[in-house]
Amino acid sequence: MTHASSDRTEQELRRREERAALDDRGIDPYPYAWATDAHAEDILETFDDDKHQPEDGEAGDYEVSIAGRITDLRIMGGSTFFDLRDETGRIQVYVRAQDLGDDYYEEVFTDLFDIGDIVGVKGYAFRTGMGEVTVRASDDFQLLAKSLRPMPVVKETEEETFYEVTDKEFRYRQRYVDLAVNPEVRTVFRQRSALVSAMRDFLDEQGCLEVDTPILQPVYGGATARPFKTHHNALDMPLYLRIANELYLKRLLVGGLEGVYEIGKDFRNEGLSRFHNPEFTMMECYVAYKDYRWMMDFTESLLHATATALHDTPTVEFEGNEIELGGAWRRVSFFDAIEDETGIDLYQEDAERVYEAAANEMELQEVTPDMGLGALLDEVFSEMVEPGLIQPTFVTDYPVELSPLAKAHRVKEGLVERFELVVAGREIANAFSELNDPQEQRQRFEAQARQRAEEEDVGPEALIDEDYLRALEYGMPPAAGLGIGIDRLTMILTGQESIRDVILFPLLRPEGD
RNA sequence: AGGCUCGUAGCUCAAUCUGGUAGAGCAACGGACUCUUAAUCCGUGAGUUGGGGGUUCGAGUCCCCCCGGGCCUACCA
């Protein structure tokens with residue numbers, strides 16, 4: 001892990017020598033600021049040949065001050081073109097020895113500046129003989145940050161890109177390089193930001209209050225998942241990183257807030273895959289006096305707003321499918337969906353019959369006779385139904401076994417008022433009419449506690465949230481709740497097939513030495 | 001956790017099947033070049049082939065173990 005100079009590459013050593021040479025000349029390789037008044041994109045869009053193109057030998061009147069990283073250099077004796085990339089894109093800069101002064105041009109610019117350095121340029125825009133809008137640098141041209149490591153150089157033409165950095169590990173571990181050399185990565189994360197903003201705007205407009213609830217929790221709940229465990233020194237107490245926000249947000253409904261939401265990280269101590277990162281971003285929203293039917297309409301509007309914020313249209317292309325997010329979405333009950341797909345009605349069947357149907361008629365490999373009814377139905381649904389639900393579909397009315405925090409269905413026995421939104425075969429949202437009967441809630445918690453304590457390797461006291469039950473005993477209004485996985489939604493709306501491509505710094509194993 | 005697969009210069013990749021001095025482009029260095037744009041031209045340097053062990057006269061290549069990545073499965077919403 002030490003970096004003795006002998007470990008450095010030739011190019012790293014040379015750049016350190018250049019930095020020393022800059023110091024010797026009294027040129028600060030890391031100055032404090034640079035006043036910019038333009039970006040690459042603006043200049044390219046607003047340059048007007050009739051207005052701004054200078055006469056031969058004259059200076060142009062479109063003056064700009066820009067800053068960014070040198071990404072390619074074409075030195076031709078006393079004149080040089082280089083590409084400068086800022087947050088908005090790439091623009092070409094033209095530098096002439098006579099403009100900078102021969103000494104500075106030869107001994108500083110061509111000698112001591114490199115691809116990867118960040119520079120500030122003042123000058124005027126013009127169109128070159130080859131037709132490219134370019135900034136001609138004046139003598140007000142300086143280094144803003146010396147790069148001591150060679151940045152990968154990506155070459156491109158209109159049609160093709162060469163030497164593109166594609167190594168996934170490199171890109172995830174050194175996301176800063178990925179962002180610097182792969183502009184489309186910035187686009188994805190800009191879209192992610194736009195998505196979250198659009199969602200936040202929508203929720204604010206609906207009168208919901210954005211809140212922050214604890215990430216460090218003495219008792220964790222709101223989902224079934226293994227937690228991360230940590231310890232607080234001063235209080236000498238164990239704490240868990242939250243696996244869901246649900247139970248705290250619903251306490252706020254007890255307190256009289258009628259609409260609350262939170263966008264933040266949850267943490268689940270489980271495996272990694274292209275759909276799972278141990279920390280991920282959830283939006284959870286709770287609205288008093290509403291039920292899950294209302295919440296379906298609300299969810300449609302919410303996702304319509306977020307999708308159009310990214311694409312101007314509610315239609316997105318994902319994995320070769322046109323996904324239509326506009327309009328009203330199909331609604332089908334959990335058991336009807338299974339029956340539609342398999343011809344078998346499992347509603348109100350017992351575990352034995354469900355096992356038999358799953359194992360024999362559906363030929364599912366993963367089911368075993370000792371699985372509980374909930375687990376069996378979940379398996380049947382995940383295998384037989386979910387992958388086929390490409391267009392947005394509300395799947396409603398789940399078995400109570402799968403939903404300990406949802407309110408019993410007002411008509412259908414053994415079911416709860418819950419829906420999941422499935423898009424492109426993936427669960428995007430989960431919602432229910434919230435259970436607010438404290439006595440029934442206690443029974444459901446207790447029914448789960450023993451089994452979960454074993455599975456999740458924690459004491460049962462960590463599983464029953466007595467304070468939450470106390471809150472419910474004061475009275476929580478009827479309410480509808482919604483949870484949306486922001487990462488997975490971003491995947492669909494930006495066309496990314498791995499969650500790691502929508503998380504800036506995904507968890508990876510530590511680098512070896 | 002299991003299966004498949006990959007790891008070669010700063011970056012992108014050849015050479016692996018069929019063992020025989022590890023190559024190219026970009027980047028870098030020296031030189032020419034004041035409207036180039038994958039700039040061009042001449043020249044130069046750069047590698048513990050992810051790590052360790054084994055087979056062999058000889059290993060980037062074959063075998064075993066380990067590390068890391070990707071995909072699939074499992075775990076899991």
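These numbers were taken from a predicted model, which means no experiment stands behind them. To find a chain, count down the sequence lines: A is the first, B the second, and so on, and within it residues start at 1.
The partner of B/G7 is B/C67, judged by Watson-Crick or G-U wobble contacts that both fall below 3.5 Å.
A donor-acceptor contact under 3.5 angstrom links the side-chain atoms of A/E132 to the base of B/U37.
When rounded to the nearest whole Å, the span between CZ of A/R136 and P of B/U37 equals 18 Å. In this structure, the CD atom of A/E10 is 11 Å from the P atom of B/G45, given to the nearest Å. Atom CG of A/D167 is separated from atom C1' of B/A9 by 15 Å (rounded to the nearest Å). Here the C1' atom of nucleotide B/U37 and the CD atom of A/E158 are 10 Å apart, to the nearest Å.
Heavy atoms of A/E427 sit under 4.0 angstrom from at least one base atom. Across all strands shown, A/R488 has no heavy atoms under 4.0 Å from either base or sugar-phosphate atoms.
Checking B/U36, B/G68, B/C35 against the side-chain heavy atoms of A/R173 singles out B/G68 as nearest. Of the listed nucleotides (B/U36, B/G25, B/C76), B/C76 has the atom at the smallest distance from the side chain of A/H276. Which of B/U37, B/G25, B/C71 sits closest to the side chain of A/R500 comes down to B/C71. Closest to the A/Y94 side chain, of the nucleotides B/U34, B/A38, B/C75, is B/U34.
Stacking of the aromatic ring of A/F81 onto the base of B/U36 is found: the ring centres lie under 5.5 Å apart and the planes are inclined by under 30°.
Across the interface with RNA chain B, nearest-nucleotide mapping of A/V95 and A/T166 shows A/T166 to be the residue nearer the 5′ end.
Rounded to whole Å, the separation between the C1' atoms of B/U16 and B/C26 comes to 24 Å.
For the residue pair A/N245 and A/Y261, no side-chain donor N or O sits within less than 3.5 Å of a side-chain acceptor on the partner. A donor atom on one side chain and an acceptor atom on the other are found under 3.5 Å apart for A/D501 and A/Y172.
Salt bridge status for A/R171 with A/E164: absent, with no side-chain N to carboxylate O gap under 4.0 Å.
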Evaluate salt bridge (charged side-chain N to carboxylate O under 4.0 Å, His left out) for A/D83 paired with A/R74, printing each intermediate quantity in order.
CA-CA 9 Å; A/D83 294 344; A/R74 297 177 288 283; 3.0 Å; yes
